[in-house]
Every structure is written in C-alpha cells, then in structure tokens.
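Letters A, B, ... are given to chains in the order of the sequence lines, protein chains preceding strands, and every chain is numbered from 1.
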Amino acid sequence: MHSKNVYITTTLPYVNAEPHVGFALELVQADMYARYRTLQGDDVFFNTGTDEHGLKIYRKALEEGKDPQAYVDEYAAKFRALKDTLGLYPGLHFIRTTDPRHTAAAQEIWRRCRGSGDIYKKKYKGLYCVGDEAFIKESELVDGKCPNHPSMEPIEIEEENYFFRLSAYGDRVREYLSRDSAVIPEWRRAEALAFVERGLEDFSISRVKEKMPWGVPVPDDDTQTMYVWFDALTNYISTLGWPFDSAQGKPGQNLFDTFWVDGETLQLAGKDQVRFQSIMWQAMLMSAGLPTTKRVVYHGFVTSGGKKMSKSLGNVIDPLAIVGAYSADALRYFLARHIHPFEDGDFTMERFHEAYTANLVNGIGNLTARIMALAAAHLSEGVQPEPADFPPEYGAALDSFEFNRAADYVWGRVQALDQKITETEPFKLVKADVEKGRALIAELAVELYAIGRMLNPLMPGTSAKIEEAVLSNKKPETLFPRKE
RNA sequence: AGCGGGGUGGAGCAGUAGUAGCUCGCCAGGCUCAUAACCUGGAGGUCGCGGGUGCAAGUCCCGCCCCCGCAACCA
C-alpha cells in the first residue's frame with residue numbers, strides 16, 4: 001500500500017454563537033475520516049477554524065461593548081477547545097480568518113481573480129434597512145417593510161461594490177460538477193447543477209468600509225472591505241500557507257503543493273452550503289488559476305424532536321453538555337451511528353440515552369469487561385495480536401463516508417463475540433481443561449482487540465483503552481458507566 | 001405556489017431490486033464469565049394510497065394523500 005496525501009477540511013463556523021451540535025457532527029465526521037486515512041498509512045492534513053469577520057460579528061461585539069478582536073478571540077478559544085472536548089485528531093490545524101497569514105492570502109486570491117478580469121466595480125441600487133444596516137431583497141419584505149424592523153421605512157440606496165464575475169463560469173462549473181464524486185452524496189449533484197441551470201449571477205464581494213470596517217481590506221482600495229464570504233472561503237488554502245512557502249511544514253515541504261495540488265482534497269459542509277462550496281468557491285479557484293476541490297461531502301442537519309433546533313423552542317442540544325455528562329466517545333458514537341451521514345437526523349436526549357445504554361454500556365463496555373475479566377484471571381500475559389487490515393466491508397463504508405454503516409458493522413462483530421462466549425462457555429472450559437480454556441480466552445481477546453482497532457476512527461479514546469487492556473492483560477476501568 | 005426532506009411491526013430508525021432488518025418495549029426459555037449484563041426463541045408489518053415497468057419492487061417510473069423545513073438566533 002503506497003501512502004497518499006489527503007487534505008480534509010470542515011467549513012469554518014461563524015463565531016457569533018456557541019458551538020452547535022450540527023458543527024460537532026461535521027467535525028466528528030471529518031475527524032473519523034482523517035483518523036481512518038491515517039490508519040491506512042496516508043499523510044493527512046486536517047483543517048478547521050473560525051470565520052471571524054463581517055457585519056454581524058462587528059455589530060454584536062459593539063453591542064456587548066467589546067472590541068471586535070477581543071470578541072472573536074473569546075469565541076475562537078471556545079471553538080479551539082473543541083479539539084479536546086470532542087477528542088479530535090492531534091495534528092488538527094486551526095485557521096482563524098483574522099490570522100495575518102489568512103488575510104494576506106485572501107488579498108492575494110483577490111489580486112489573482114482581478115488579474116483574470118473577474119473582479120469589477122459596480123453601482124448597486126436596492127432597498128436598505130437602516131436597522132439591519134443591510135440590503136434587503138424585495139422577496140423578503142413583509143408589508144413593504146423589513147421583517148426585523150417593521151417600524152422603519154426601507155430606503156432606496158445606491159452603493160458601489162466590487163463584484164465577482166461568477167456569470168462567466170457557468171460552463172466550467174457545470175463541467176466541474178459533472179466530475180466523479182465532486183458532490184457527495186450523489187443526489188445533491190442535481191441540486192448543484194440546478195443552481196447553474198438557473199443561471200449564475202455575479203455576486204458582490206465587498207462592502208463600503210465606512211459601514212463595515214470589520215473585514216479584510218480590499219487591495220488597492222482603502223474605501224472597501226471584503227465581503228465575509230470571499231474572505232472566509234480562502235481559508236481552505238490559507239491554512240496551508242498559500243501563497244507563501246509554508247513555514248509550518250516539514251523542511252523543504254510546501255504544504256499547498258503537497259496537499260492541495262498533489263493531494264486528494266476533501267471538504268465537508270452542511271447541506272445549505274452547496275452554492276457556496278461547490279459553485280462560488282470552485283469558480284474563485286478557477287479564476288485564480290488554482291486546482292478545484294476534488295470532493296465535497298454534504299451532511300444533513302441535526303433536528304431535535306423532529307424540529308429544527310431553536311432557542312425559542314428550547315430543544316437545543318449542547319454538545320459540550322453531552323460530553324460533560326457522558327463522554328466525547330459517547331457523543332461521537334451517537335453522531336456516527338444514529339445520525340444519518342447525509343440526511344437530517346434526530347437527536348433527543350431520550351434517543352441518545354437509549355443508544356448509550358444499549359450499545360455502549362451493555363454492548364462494547366460489558367463485552368470488554370467480561371472478556372478481560374476472564375483474560376486477567378486465566379492468562380499469564382497479554383496476547384500479541386498480528387496486525388491486520390480492516391475488513392473490506394468496514395473499509396468500504398468509511399471510504400464512502402457511511403459512518404453509520406461502519407458502526408453497524410462493528411456492532412455486528414460485538415454481538416457475534418457475545419454470542420460466541422455464550423456458545424463456547426470459556427468460563428467452564430477453563431475449569432475442565434486449562435490449556436484449551438486459555439487458548440479460547442486468548443482467541444476472544446484477539447477478537448476484542450480487532451474490534452478495538454476498528455473503533456479507532458470512530459471512538460479513539462475507547463479504542464485505545466481496549467487495545468491497552470488486551471495488550472497488558474488487565475481488566476480496564478468501566479468503559480461506559482451506567483447512567484441513572 | 002415553488003424547492004428540499006420524509007411516511008417501514010407499539011416507539012425510534014436502517015435498508016445499494018432478489019428469503020423485510022436494528023435498538024427499545026412485550027412474552028417464554030437459557031446462562032452465570034460480565035456493568036441487574038449476555039444468549040436463544042416468540043408475538044407483532046397489506047414497507048402512506050393507487051397505477052405502471054421487471055422473472056422479481058420498501059427499493060425504479062407516473063399520479064394522489066399526509067407530515068416537516070425554507071423570517072430570525074442557527075449548520
């Protein structure tokens with residue numbers, strides 16, 4: 001097996017709210033895949049970070065009487081903490097859109113798009129709501145007023161902004177979207193193509209600095225700030241040190257060439273991101289003369305009680321609270337197996353608790369305890385399992401991002417092993433015939449080890465505990481304590 | 001209106017055309033190594049409704065019914 005370079009990134013969450021379980025899903029999916037590829041011997045660059053510019057953040061910071069930079073620093077720290085909270089890949093890279101190397105990269109991609117003739121200045125006339133300090137579309141009006149500020153009269157305003165010539169990229173984007181695996185799952189490809197067929201319109205990529213100072217300055221025009229989308233999308237390559245030679249890579253290694261140009265590139269995003277990730281960002285890359293993303297995987301949304309989570313409904317699931325009350329691996333398990341990888345999935349505490357008890361406490365937790373109790377009592381030393389490849393069925397599920405199927409496979413093995421213990425009765429055999437009993441128990445330990453290894457991408461903490469228990473021949477602390 | 005998703009045993013879900021499966025609950029039995037756990041068997045389904053294509057349809061095609069999301073916080 002020859003190793004490949006694999007680039008994986010999530011989208012960057014906008015830092016105007018606490019970490020959301022939906023983002024936890026995206027991070028965990030990306031992390032499982034990153035760990036899987038690492039185990040396969042591939043070289044993985046795994047990126048996430050925070051999107052920190054824009055009017056919403058600027059206004060919110062001012063409302064709270066904070067300096068915008070201090071405000072985003074606070075949030076960035078919270079999101080960075082997810083690395084430990086969720087048990088993420090140790091080599092995870094974290095980019096902030098306020099990092100100097102990022103803002104420099106955003107300016108450079110701007111220059112390149114401009115060099116290709118795809119950026120131009122245009123007067124934009126529209127209805128503007130002073131309350132929101134934003135343009136509103138005709139279709140958004142309620143009784144001719146802004147839905148957020150019904151007491152204010154929208155005013156017609158003219159503003160000059162820069163635009164990106166997306167309209168010139170229809171054919172090339174269509175060709176891109178037709179490539180194998182450009183959009184995963186397959187059925188979202190049609191959705192992306194439908195956007196293109198409807199006709200791509202140029203989009204505004206800057207704001208007047210006076211009104212929106214919290215952003216990346218537009219090169220060679222100090223009256224304008226980049227619109228947050230244009231800036232944020234660049235993070236996927238600024239994190240690699242583009243366009244500068246990487247200071248963070250191995251000596252002599254250019255991370256951008258290694259992972260973006262020569263690597264397998266993979267982005268994860270929510271289902272509402274198709275236009276941004278598979279169309280706008282790809283067109284920006286084309287304009288800048290850079291390779292497009294090989295695959296973009298879109299997950300569904302996490303609902304709660306069948307409804308979209310909202311503070312007013314009070315059905316918001318806080319990933320930090322779950323991890324605190326249960327564990328990171330318990331959350332990862334639920335997200336992997338009980339939330340569909342591509343479609344909307346429902347997350348309620350009842351479902352979560354049920355799955356925790358049935359499959360973690362009574363399942364893998366109990367299985368580990370029963371085998372390791374036997375092993376510790378009857379074997380003189382830990383077994384040393386031969387390294388083995390993942391079963392094809394398991395690998396195939398992960399290759400296609402079907403984490404639920406991968407987990408189903410592992411739990412099928414858990415059940416089969418419980419069954420085997422009942423049928424072969426090692427606890428009796430070891431009394432009747434010590435040698436045969438020991439051989440059987442060793443066999444069970446080897447199988448437990450194989451399960452532990454398969455859990456590595458999904459539940460790294462649990463995986464390590466099981467492997468350690470088998471190798472050292474010790475019954476571990478209770479893996480999943482019973483709750484309630 | 002339009003767009004997207006969904007309707008599978010009591011509940012929640014998976015299902016990539018070829019004997020309808022998983023978790024929970026229920027009933028009966030087994031085991032005692034293990035976290036009052038584990039194993040076996042059983043009851044319980046006209047896979048929303050009606051057509052169509054196929055040797056074969058939960059799965060593909062057409063029509064219809066019902067539910068959810070598409071203002072904001074929010075992925």
**Student:** Partners of D329(A) by salt bridge (charged side-chain N to carboxylate O under 4.0 Å, His left out), sequence neighbours excluded?
**Tutor:** none
**Student:** It should be established whether N16(A) places a side-chain nitrogen or oxygen under 4.0 Å from OP1 or OP2 of nucleotide C73(B).
**Tutor:** no
**Student:** How would you summarise protein contacts on nucleotides 27-40 of chain B per nucleotide, using B for base, S for sugar-phosphate only and - for none, with heavy-atom distances below 4.0 Å?
**Tutor:** ----SSBBB-SSSS
**Student:** Report the distance from atom CG of D272(A) to atom P of A71(B), rounded to the nearest whole Å.
**Tutor:** 13 Å
**Student:** May I ask you to say what K60(A) touches in the nucleic acid, namely base, sugar-phosphate or nothing, with a heavy-atom cut-off under 4.0 Å?
**Tutor:** nothing
**Student:** Reckon K56(A) has a side-chain N or O less than 4.0 Å from the OP1 or OP2 of A72(B)?
**Tutor:** no
**Student:** Holding to ring-ring contact (aromatic ring centres under 6.0 Å, His included), I want the full list of residues that pass it with Y36(A), two or more places apart in sequence or in another chain.
**Tutor:** none
**Student:** If you measure from the C1' atom in U8(B) to the same atom in U23(B), how many Å do you get, rounded?
**Tutor:** 15 Å
**Student:** When rounded to the nearest Å, what value does the distance between C1' atoms of C26(B) and C62(B) take?
**Tutor:** 41 Å
**Student:** Starting at CZ of R188(A) and ending at C1' of G4(B), how long is that distance when rounded to a whole Å?
**Tutor:** 8 Å
**Student:** Give every donor-acceptor pair under 3.5 Å between a side-chain atom in residues 473-481 of chain A and any protein atom, sequence neighbours left out.
**Tutor:**
| residue | atom | partner | partner atom | Å |
| --- | --- | --- | --- | --- |
| N473(A) | ND2 | A375(A) | O | 3.4 |
| N473(A) | ND2 | L379(A) | O | 3.1 |

**Student:** When the nearest nucleotide of RNA chain B is assigned to E402(A) and to L25(A) on a heavy-atom basis, which residue is associated with the more 5' position?
**Tutor:** E402(A)
**Student:** Considering residues at least two apart in sequence or located in another chain, which fulfil the ring-ring contact (aromatic ring centres under 6.0 Å, His included) criterion with Y14(A)?
**Tutor:** none
**Student:** Name the orientation of the base relative to the sugar in G54(B): syn if the glycosidic angle is within 90° of 0, else anti.
**Tutor:** syn
**Student:** For H53(A), give me all partners under ring-ring contact (aromatic ring centres under 6.0 Å, His included), at least two apart in sequence or on another chain.
**Tutor:** W214(A)
**Student:** Distance check needed: C22(B) P versus Y409(A) OH, whole Å only.
**Tutor:** 17 Å
**Student:** Find the distance K271(A):NZ to C74(B):P and express it as a whole number of Å.
**Tutor:** 18 Å
**Student:** Taking the P atom in each of G12(B) and G7(B), what is the distance between them to the nearest angstrom?
**Tutor:** 12 Å
**Student:** Give me the distance, rounded to whole Å, that separates G58(B) from G18(B) when you measure between the P atoms they each carry.
**Tutor:** 10 Å
**Student:** Using the P atom as the reference point in each nucleotide, state the distance between C60(B) and C47(B) in Å, no decimals.
**Tutor:** 15 Å
**Student:** For V302(A), which contact category applies under a 4.0 Å heavy-atom criterion: base, sugar-phosphate, or nothing?
**Tutor:** base
**Student:** Kindly write out the residues that satisfy ring-ring contact (aromatic ring centres under 6.0 Å, His included) with Y176(A), not counting sequence neighbours, or none if the list is empty.
**Tutor:** none
**Student:** What distance, rounded to whole Å, do you find between the two P atoms, one in A14(B) and one in G5(B)?
**Tutor:** 14 Å
**Student:** Could K271(A) and F301(A) be counted as a cation-pi pair, given that NZ or CZ must be under 6.0 Å from the ring centre and within 45° of the axis?
**Tutor:** yes
**Student:** Determine the interatomic distance between C1' on C68(B) and the same-named atom on G54(B); round to the nearest Å.
**Tutor:** 34 Å
**Student:** Do any N or O atoms from the side chain of D31(A) and from the backbone of Y89(A) form a donor-acceptor pair under 3.5 angstrom?
**Tutor:** yes
**Student:** Want to know the stems of RNA chain B: at least 3 consecutive Watson-Crick or G-U pairs with distances under 3.5 Å, which are they?
**Tutor:** B:2-7 with B:65-70, B:10-13 with B:21-24, B:26-30 with B:38-42, B:48-52 with B:60-64
**Student:** Taking C74(B) as the reference, what is the distance to C13(B) when you measure between their C1' atoms (whole Å, please)?
**Tutor:** 25 Å
**Student:** Which value, rounded to the nearest 0.5 Å, describes the distance between N47(A) atom CG and I8(A) atom CD1?
**Tutor:** 10.5 Å
**Student:** Could you check whether atom CD of E201(A) has more than 12 heavy atoms from other residues, nucleotides or ligands sitting under 6.0 Å from it?
**Tutor:** no
**Student:** Not counting sequence neighbours, which residues clear salt bridge (charged side-chain N to carboxylate O under 4.0 Å, His left out) with D399(A)? List them please.
**Tutor:** none
**Student:** Partners of E425(A) by salt bridge (charged side-chain N to carboxylate O under 4.0 Å, His left out), sequence neighbours excluded?
**Tutor:** K428(A)
**Student:** I'd like a list of close polar pairs between nucleotides 10-14 of chain B and the protein, N/O only, cut-off under 3.5 Å.
**Tutor:**
| residue | atom | partner | partner atom | Å |
| --- | --- | --- | --- | --- |
| G12(B) | O2' | R351(A) | NE | 3.1 |

**Student:** Show me the donor-acceptor pairs, under 3.5 Å and distance only, between side chains in residues 431-445 of chain A and residues at least two apart or in other chains.
**Tutor:**
| residue | atom | partner | partner atom | Å |
| --- | --- | --- | --- | --- |
| D433(A) | OD1 | E435(A) | N | 3.2 |
| D433(A) | OD1 | K436(A) | N | 3.2 |
| R438(A) | NE | H378(A) | O | 3.0 |
| E443(A) | OE2 | K420(A) | NZ | 2.6 |

**Student:** Round to the nearest Å and state the distance from H299(A) atom NE2 to C74(B) atom P.
**Tutor:** 15 Å
